[in-house]
Undergrad: 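Please see the structure below; I have some questions.
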Amino acid sequence: HQFGKVYCHPVYPEKCRASGEAIKVATRGQTVAVSVEALDRKAEACFKPVDSLTRCELVASDGSSRVRGTVKRRNQNIYDISYHPLVAGEHQLHILIEEHPILNSPFTVTVLPNFTAPANTIGDLKGPWGIAVREGGEVVVAERTSHCISIISGNGEKKSFGTFGSGPRQFDRPEG
């Protein structure tokens, strides 16, 4: 008896879809994941394995950083792609199957700085009153008790300026 043939259509990268928050935003130094649904030319599930044919690369807008992602097959047609951004700023996330971009690739991803500062840096702040984040990820804090402004880098280094008074670079309980 012959029951027929099973055909597996090839994957069509331009039909494949990515989902997950990491196609829009990620945090420097933290591994994030994107799901990719492998689809055929009819936009139906494609069960042909594409692990070895899939590539992911996160590229900083200025080209200063390139990070390769890893691909793992979750089930028959869903793949998890993870990457670990090293630099904060705007990036392009390229997801390719058989060297062709998937639907909407490249994605613009904003990589946020990691604000995890050493506990001694946070403990060193005297009467913090107001906080701002500068371009590049530095955190600026007004310290009311110390009458100064402190700038904390993404890796926790603290620099302060100002003294008590009303002249240049002098403050009287700064806030805001």
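Keep in mind it's a predicted model, so treat the numbers as computed, not measured.
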Undergrad: For the pair E143 (side chain) and K126 (backbone), establish whether a donor and an acceptor sit closer than 3.5 Å, ignoring hydrogens and angles.
TA: yes
Undergrad: Assigning hydrophobic clusters by single linkage (Ile, Leu, Val, Met, Phe, Trp, Tyr; side-chain heavy-atom cutoff under 4.5 Å), is V87 placed with L58?
TA: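 Yes, one cluster joins them.
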Undergrad: Would R66 and E57 satisfy side chain to side chain contact (heavy atoms under 4.5 Å, CB included), going step by step from the backbone distance to the final call?
TA: CA-CA 7 Å; R66 297 178 93 78; E57 187 173 45; 3.4 Å; yes
Undergrad: Establish, from distance only, whether the side-chain atoms of S82 and T70 form a donor-acceptor pair under 3.5 Å.
TA: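 Present: a donor and an acceptor within the cut-off.
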Undergrad: Please determine whether side-chain hydrogen bond (donor to acceptor under 3.5 Å, both in side chains) holds for the pair T108 and E90, giving the CA-CA distance in whole Å, both sets of side-chain angles, and the decisive distance to 0.1 Å.
TA: CA-CA 7 Å; T108 299; E90 293 297 313; 5.6 Å; no
Undergrad: Tell me, do R17 and L103 make a side-chain contact under 4.5 Å, heavy atoms counted?
TA: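 SC-SC contact between R17 and L103 confirmed.
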Undergrad: Identify the heavy atoms of I97 and C16 that sit nearest to each other, and give their distance.
TA: CD1-SG, 3.7 Å
Undergrad: What's the shortest heavy-atom distance between I23 and G20, and which atoms?
TA: CG1-O, 3.1 Å
Undergrad: Considering non-hydrogen atoms only, spot the tightest contact between C46 and L39 and give its length.
TA: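 Minimum heavy-atom contact is CB-C, 3.8 Å.
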Undergrad: With hydrophobic residues grouped by side-chain heavy-atom distances under 4.5 Å, do I95 and V67 end up in a single group?
TA: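 They do share one cluster, since a chain of ILVMFWY contacts under 4.5 Å joins I95 to V67.
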Undergrad: Is any side-chain heavy atom of P106 closer than 4.5 Å to one of L93?
TA: no
Undergrad: In sequence, state the C-alpha distance, the side-chain angles, and the governing distance for S19 and S35, and then conclude on side-chain hydrogen bond (donor to acceptor under 3.5 Å, both in side chains).
TA: CA-CA 5 Å; S19 62; S35 294; 4.6 Å; no
Undergrad: Please say which of L112, V111, V32 ends up in a side chain to side chain contact (heavy atoms under 4.5 Å, CB included) with V25.
TA: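 Testing V25 for a side chain to side chain contact (heavy atoms under 4.5 Å, CB included) against L112, V111, V32 leaves exactly one candidate, L112.
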Undergrad: Under the side chain to side chain contact (heavy atoms under 4.5 Å, CB included) rule, what do V109 and Y83 come out as? Steps first, then yes or no, please.
TA: CA-CA 12 Å; V109 178; Y83 64 93; 3.6 Å; yes
Undergrad: Does either side chain, that of H94 or that of S105, offer a donor lying less than 3.5 Å from an acceptor on the other one?
TA: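 No pair is found: no donor N or O on one side chain lies under 3.5 Å from an acceptor on the other.
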Undergrad: At their closest point, which heavy atom of Y79 faces which heavy atom of A38, and how far apart are they?
TA: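 Closest heavy-atom pair between Y79 and A38: CE1-CB, 3.9 Å.
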Undergrad: If we only count heavy atoms from C-beta on, is the E175 to R144 side-chain gap below 4.5 Å?
TA: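 A side-chain contact under 4.5 Å exists here.
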Undergrad: Under 4.5 Å between side-chain heavy atoms, counting indirect links through other Ile/Leu/Val/Met/Phe/Trp/Tyr residues: same cluster for L86 and I81 or not?
TA: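 Same cluster: L86 reaches I81 through Ile, Leu, Val, Met, Phe, Trp or Tyr contacts under 4.5 Å.
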Undergrad: So, R74 and D80, do they make that salt bridge, N to O below 4.0 Å?
TA: yes
Undergrad: Would you say V139 and I131 make side-chain contact, with heavy atoms under 4.5 Å?
TA: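 When only atoms from C-beta onward are counted, I131 and V139 do touch, with a gap below 4.5 Å.
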Undergrad: Does the pair F107 and V34 meet the rule for a side chain to side chain contact (heavy atoms under 4.5 Å, CB included), with working shown?
TA: CA-CA 11 Å; F107 301 91; V34 172; over 6 Å; no
Undergrad: With a 4.5 Å cut-off on side-chain heavy-atom distances among I, L, V, M, F, W and Y, is there a chain of contacts connecting I102 to V59?
TA: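 Unlinked, I102 and V59 end up in two clusters.
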Undergrad: Does any non-hydrogen side-chain atom of I149 lie less than 4.5 Å from one of S160?
TA: no
Undergrad: Run the side chain to side chain contact (heavy atoms under 4.5 Å, CB included) test on E99 and R55 for me, step by step, so that the C-alpha distance in whole Å, both residues' side-chain angles and the decisive distance to 0.1 Å come before the verdict.
TA: CA-CA 8 Å; E99 296 304 315; R55 185 166 59 91; 2.9 Å; yes
Undergrad: If you count heavy atoms of other groups shown closer than 6.0 angstrom to CZ of R173, is the number above 12?
TA: no
Undergrad: In this structure, would F161 and V141 fall into the same cluster of hydrophobic residues linked by side-chain contacts under 4.5 Å?
TA: no
Undergrad: Would you call E37 and K15 a salt bridge, using N to O less than 4.0 angstrom?
TA: no
